Amino acid sequence: MSTEDGPPASEKPCPICSKPAVAKYRPFCSGRCADVDLHRWLSGAYAIPVTENDDEDGEEPSLAPKPPRES
Ligand SMILES: [Zn+2]
């Protein structure tokens, strides 16, 4: 009677809003919070300058389609 119902000690709260996490979205309480966390992560990732330079020739506009060379 003196025990208040709350999240079990084994269940960690949502790191976003501190609500009890749901097994489906662990460790988050909902898909929304998972999305928020993902967005934060992506925002940090976007801060890093990405160089898309897979081509050896660089950014040379090749009008003629080159056959894919493997090794
Ligand atoms: Zn949450």
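Along the sequence shown, residues carry numbers from 1. Both ligands and their constituent atoms are indexed starting at 1 by order of listing. From a predicted model like this one, the values you see are computed outputs, not experimental measurements.
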Return the minimal non-hydrogen interatomic distance between Ala21 and Arg26, and the atom names on each side.
-> CB-CG, 4.2 Å

Minimal non-hydrogen separation, Pro13 against Ser18, with atom names | CB-O, 3.7 Å

Grab the two heavy atoms, one from Pro15 and one from Phe28, that are nearest each other, plus how far apart they are.
-> CG-CE2, 3.6 Å

Which heavy atom of Cys33 sits nearest a heavy atom of Cys17, and at what distance?
-> SG-SG, 3.7 Å

Using the test side chain to side chain contact (heavy atoms under 4.5 Å, CB included), find all partners of Asp35 that sit at least two apart in sequence or belong to another chain.
-> Leu38

Protein N, O or S atoms lying under 2.8 Å from the Zn ion (ligand 1), listed by chain and number | Cys14 SG, Cys17 SG, Cys29 SG, Cys33 SG

